[in-house]
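Data block below; observations after.
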2 protein chains.
Amino acid sequence: MNLLKRISFKDQAFQQREGAILDAATRILTRRGFDLMTMDDVATEVGVSKPSLYKHFKSKEELAGECMIRLLDAASEHLSSLPDTMPAIDRMRSLLAWALHLRLQGGLPFLPATSPHVRDMLVKNLGYTMRALKLNSALSKILSEAQKAGQIRKDLPDAVILFSFYSRTCDPAVEFLRLYSKLSNAEIVENMLAAYFSGLTATNAKPTL
Amino acid sequence: MNLLKRISFKDQAFQQREGAILDAATRILTRRGFDLMTMDDVATEVGVSKPSLYKHFKSKEELAGECMIRLLDAASEHLSSLPDTMPAIDRMRSLLAWALHLRLQGGLPFLPATSPHVRDMLVKNLGYTMRALKLNSALSKILSEAQKAGQIRKDLPDAVILFSFYSRTCDPAVEFLRLYSKLSNAEIVENMLAAYFSGLTATNAKPTL
DNA sequence: GTCTATAGCTGGATAGAC
DNA sequence: GTCTATCCAGCTATAGAC
């Protein structure tokens, strides 16, 4: 029993360190992207040596993949946590707002979009692909609910709406606004949501709202 | 005079080769991004040796900078080419459509958005910055015209609209749609414009249009 | 001005001691 | 499992012959 306990302790420490590595890698991926992230960077930021990283993740690609998997899981979890009574469009808003806040805190990288190399890397990662499909099917369902309820226009293909949705989570405009405007993080999120959902053209129908 | 002529010929060939290098580099930047583009790639694609590249551009960063400068000039030129009678919002549409078509043909990289490294590189490039400011001021003017004419909503900060506009030119959704949907290039552009300008929410005001 | 060849460096991954 | 020290590939940039 003592033995088991000790092993369990060790495991816990191991798990905790793994979490720290993933946190650091996620931050660095957000700041610098996959190509510019070095394993030295990650090791330094976590406070371990480079070979130790390789005890946890057998390559840089696997490390990046695990970061993205954890994020997809968090996104699915966020969706699940929303009350069933919430209108579909508000669930979409809520997920996008969650992602944008995460991004503004430096915790959501760009990855899938970046380059063919990175995209291929993720597509080949079975765990990533499975979770991406799961999230996508959950979102498709919400989208069709929103359309049935008359909250989202029906004249755009689903793919346009969904891919745009994903792309908004890594919209460079967010970064530019953070750097070059005086808007607070909350205002940036609010404006991005407004621009995405309502568009830019003046609504000459609604009078002053 | 013969001498001058010969020099002039040589210069022409030199200029032409420079254009070919820029074309190739722009394509590769679009496909692979700055970090993954190697000078060997460029040399091979153009059909010259690597040291020759360095006779034209003193570094990889300068080469990328010149690619972007040429694109900014082309964008400004496109704006200038539009008839004065065209409504402001249609000029914005036209510029975005031009950029998206260029992107779909593999001729418009991602760069400014990508990473702090790349962004810094471009900001330090005086020629790039000057042209970016020039284009930005032209677009700001068009935007305020469109707002005065009641074509664009006035409740969003200018920065939100303009940065979103630039970001739409390198929207990953375009790439995803090209890869994973069956839409033609023209349809992709049309849908992206529709989503950007009109938004996603159903316009319960307009009946069936 | 163009090439071949190479310097010099960086970064992913690992061997081997503890 | 963790470290120090190191290997090796690939890249930017240049020296030097023609």
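Just so we're on the same page: letters track the sequence lines, and every chain starts at 1. These values consider heavy atoms only, across backbone and side chains, with no hydrogens, waters or symmetry-generated copies.
One interatomic measurement links the two molecules: NZ of A:K55 to P of C:dA13, which rounds to 15 Å at whole-angstrom precision. The CG atom of A:L53 sits 11 Å away from the P atom of C:dA13 (whole-angstrom rounding). Distance, A:E61 CD to C:dA13 C1': 13 Å, rounded to whole Å. The separation between B:H56 atom NE2 and D:dT14 atom P is 16 Å, rounded to whole Å. Atom CG of A:D41 and atom C1' of C:dG12 are 13 Å apart (whole Å).
Note on B:R17: a side-chain N or O is less than 4.0 Å away from OP1 or OP2 of C:dT2. Taking only side-chain nitrogens and oxygens, B:S49 never comes nearer than 4.0 Å to OP1 or OP2 of C:dT4.
For the salt bridge (charged side-chain N to carboxylate O under 4.0 Å, His left out) condition, the pairs that include at least one residue of residues 168-177 of chain B, sequence neighbours left out, are A:R119-B:E175, A:R168-B:D171, A:D171-B:R168, B:R168-B:D171, B:E175-B:R178.
Side-chain contact between B:E145 and B:R91: present, with at least one pair of heavy atoms (C-beta onward) separated by less than 4.5 Å. Inter-residue side-chain proximity for A:L22 and A:L63 is flagged as met; some heavy-atom pair is nearer than 4.5 Å. Residues A:T129 and A:L122 fail the side-chain proximity criterion, which asks for heavy atoms closer than 4.5 Å. Looking only at side-chain heavy atoms (C-beta outward), B:N191 and B:L177 stay at 4.5 Å or farther from each other.
B:I69 CD1 to B:E66 CD: the interatomic distance, rounded to the nearest 0.5 Å, is 4.5 Å.
Here the side chain of A:P51 is nearest to one of C:dC3, D:dG1, D:dT4, namely D:dT4.
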If you restrict it to nitrogen or oxygen atoms, what contacts under 3.5 Å exist between nucleotides 7-12 of chain D and the protein, and what is each distance?
from: D:dT12; atom 1: OP1; to: B:M37; atom 2: O; distance (Å): 3.2
from: D:dT12; atom 1: OP1; to: B:K60; atom 2: NZ; distance (Å): 3.2
from: D:dT12; atom 1: OP2; to: B:M39; atom 2: N; distance (Å): 3.0

